[in-house]
Amino acid sequence: MADGAGRGLECQKIMDGKASNGNGTKNEIPSCCLKAKTSDPEFEAKCHSTVVSGWFSPSQTCSGKSGKVVYFNNPMWPGEAHSIKVEKVLYKEKSEYQEVLVFESSTYGKVLVLDGIVQLTEKDECAYQEMIAHLPLCSIKSPKNVLVVGGGDGGVLREISRHSSVEHIDICEIDKMVIDVSKKFFPELAVGFEDPRVHLHVGDAIEFLRSTPEGKYDAIIVDSSDPVGPAQELVEKPFFETIAKALRPGGVLCNMAESMWLHTHLIEDMISICRETFKGSVRYAWASVPTYPSGVIGFLLCSTAGPPVDFVNPINRIEKLEGADKHGRELRFYNSEVLCFAAAESDVIILMQMHSAAFVLPTFLRREVRLLRD
């Protein structure tokens, strides 16, 4: 390799003479030598304006774009990029609101991208969809009426459908193209639309909520995009006040709440607004989703005044709901089953489950977000 590039990455089979062709010249790098392959550049990276092949790539340019840098330009995570190798672009169109892109990746299956931001992949969507739905729904008894804001891929609907007590599910999604594309390319998520309890409303969620009777819903799940541009309204006080009015006493909200590694100021602002707006409980939880910025995503859970809600300890255990953990398909991430461990020296019983563990927050987050110290 020129100028010593890749020094120390040579394949041992080549170095010890076991991979020569007999006349002293080296064969191609054996497939076993992953270390050496990491220094082999992709000369023909398949690219889209914001999707480039490779992992954790440096700033790159895309051919035909006049050397335009395609990374490090998102205000939600400046200076960072996580790229996924693109095998084939399956769909790319502009809707009235955003660019909708679907591609086949080499390791995460099909990927849905809106305006250059990964929304979901087939491999890890289960973590987000299951947690945003079951953290709130397993925290209250027998939810009956549920609203989903956003969620046009259908994944949240699929998870709500596991709860047999639910009688009516409204979903308000502004972009019909997202729904249509999901039905075509992501049938495992869009199956949620097939439930007869689901009632689809295509339009603006804020207007929809303003016309909603007070106290209509037991739970509202906000599966929104990042709060940039028009979506900024979805993390401001008037929006949360409208949601609170639409919830019954003791009703619950679960709102996507960004990454604790990147957005502590935003998280603090959201918690502050929600503590002023919701007179019950306000808690922050998180889950691991590898293809989201920083690899984690947060959830803000709030309840209105009324019957108290303990978000940390679920009372509507999904494993106790007949067939719920296998409805449509088996749960892949969420669980509320308690695993007990006895600490030998102190005889302390430790209870562990995915639901409660989501509310265990790292020390740095408690320090940086003042309201989480209470």
State plainly whether one hydrophobic cluster holds both [X] and [Y], where clusters connect Ile, Leu, Val, Met, Phe, Trp and Tyr through side-chain heavy atoms under 4.5 angstrom apart.
X    : Y    : answer
F240 : I267 : yes
V118 : L120 : no
I318 : V191 : no
V252 : M256 : yes
F278 : I271 : yes

- prompt: Any side-chain donor paired with an acceptor under 3.5 Å for S294 and S259?
  reply: yes
message: Quiz question: by atom type and distance under 3.5 Å, do the side chains of N335 and Q353 form a donor-acceptor pair?
response: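 Looking only at side-chain atoms, Q353 and N335 do not form any donor-acceptor pair under 3.5 Å.
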So does [Y] get a backbone contact from the side chain of [X], meaning a donor-acceptor N/O pair under 3.5 Å?
X    : Y    : answer
S272 : E268 : no
D124 : V289 : no
Q119 : I117 : yes
S105 : G109 : yes
E125 : G155 : no
Q129 : V156 : yes
N255 : V222 : no
D195 : S161 : no
T264 : M260 : no

Look up atom [atom1] in [X] and atom [atom2] in [Y], then write down how far apart they are to the nearest 0.5 Å.
X    : Y    : atom1 : atom2 : answer
K183 : D153 : NZ    : CG    : 12.0 Å
L90  : L112 : CG    : CG    : 11.0 Å
N145 : L247 : CG    : CG    : 11.0 Å
H263 : D269 : NE2   : CG    : 12.5 Å
C274 : L253 : SG    : CG    : 6.5 Å
I160 : H327 : CD1   : NE2   : 11.5 Å

message: Go through it in stages, so that I can follow the logic: the residues are Y97 and I174, the test is side-chain contact (heavy atoms from CB on, under 4.5 Å), and I'd like the CA-CA distance, side-chain angles, deciding distance and then a yes or no.
response: CA-CA 8 Å; Y97 304 97; I174 198 169; 3.7 Å; yes
- request: Start with the C-alpha distance between E159 and L331, add both sets of side-chain angles, then the distance that settles side-chain contact (heavy atoms from CB on, under 4.5 Å), and finish with yes or no.
  value: CA-CA 9 Å; E159 296 306 316; L331 285 168; 3.6 Å; yes
Residues that [X] engages under side-chain hydrogen bond (donor to acceptor under 3.5 Å, both in side chains), provided they are two or more places apart:
X    : value
T277 : none
E207 : R210
R283 : none
K245 : none

message: Run V113 and V111 through side-chain contact (heavy atoms from CB on, under 4.5 Å) and show every step you take.
response: CA-CA 6 Å; V113 183; V111 181; 3.9 Å; yes
- prompt: Aromatic ring centroids of F359 and W286 under 6.0 Å?
  reply: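 F359 vs W286: aromatic centres not under 6.0 Å.
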query: Is the distance between the ring centroids of Y128 and Y292 less than 6.0 Å?
result: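 They qualify: ring centres under 6.0 Å apart.
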Neighbour count >12 (heavy atoms, 6.0 Å) for atom CZ, R329: yes
Just wondering, do [Y] and [X] contact through their side chains at under 4.5 Å, heavy atoms?
X    : Y    : value
L200 : I179 : yes
F103 : I84  : yes
K141 : I315 : yes
I171 : F193 : yes
Y334 : R162 : no
F239 : I206 : yes
C138 : H355 : yes
N316 : S139 : no

Minimum heavy-atom separation for [X] to [Y], with atom names?
X    : Y    : answer
F208 : C172 : CB-SG, 3.7 Å
P238 : T242 : O-OG1, 2.8 Å
A287 : M131 : CB-CG, 4.0 Å
V198 : G192 : CG2-O, 3.4 Å

Are [X] and [Y] ion-paired here, with the side-chain N under 4.0 Å from a carboxylate O?
X    : Y    : answer
E104 : K88  : no
E173 : K176 : no
K216 : D170 : yes
E130 : R332 : no

message: One pair to check against side-chain hydrogen bond (donor to acceptor under 3.5 Å, both in side chains): H134 and H163. What are the steps and the verdict?
response: CA-CA 9 Å; H134 303 311; H163 294 261; 3.1 Å; yes
Ignoring hydrogens and angles, write down the donor-acceptor pairs under 3.5 Å from the side chains of residues 298-314, residues two or more places apart or on other chains.
unit_1 : atom_1 : unit_2 : atom_2 : d
S303   : OG     : S281   : N      : 2.8
T304   : OG1    : R248   : O      : 2.7
T304   : OG1    : G250   : N      : 2.9
T304   : OG1    : G251   : N      : 3.1
D310   : OD1    : V312   : N      : 3.2
D310   : OD2    : N313   : ND2    : 2.8

query: Can D175 and Q98 be said to form a side-chain contact (heavy atoms from CB on, under 4.5 Å), step by step?
result: CA-CA 8 Å; D175 197 339; Q98 58 202 335; 2.8 Å; yes
query: What's the verdict on salt bridge (charged side-chain N to carboxylate O under 4.0 Å, His left out) for E167 and R197, showing C-alpha distance, side-chain angles and the deciding distance?
result: CA-CA 6 Å; E167 299 172 355; R197 295 170 290 178; over 6 Å; no
message: Under 6.0 Å from the ring centre and within 45 degrees of the ring axis: does the NZ or CZ of K123 meet both conditions for the six-membered ring of Y108?
response: yes
statement: By salt bridge (Lys or Arg N to Asp or Glu O under 4.0 Å), E319 pairs with (sequence neighbours left out) none
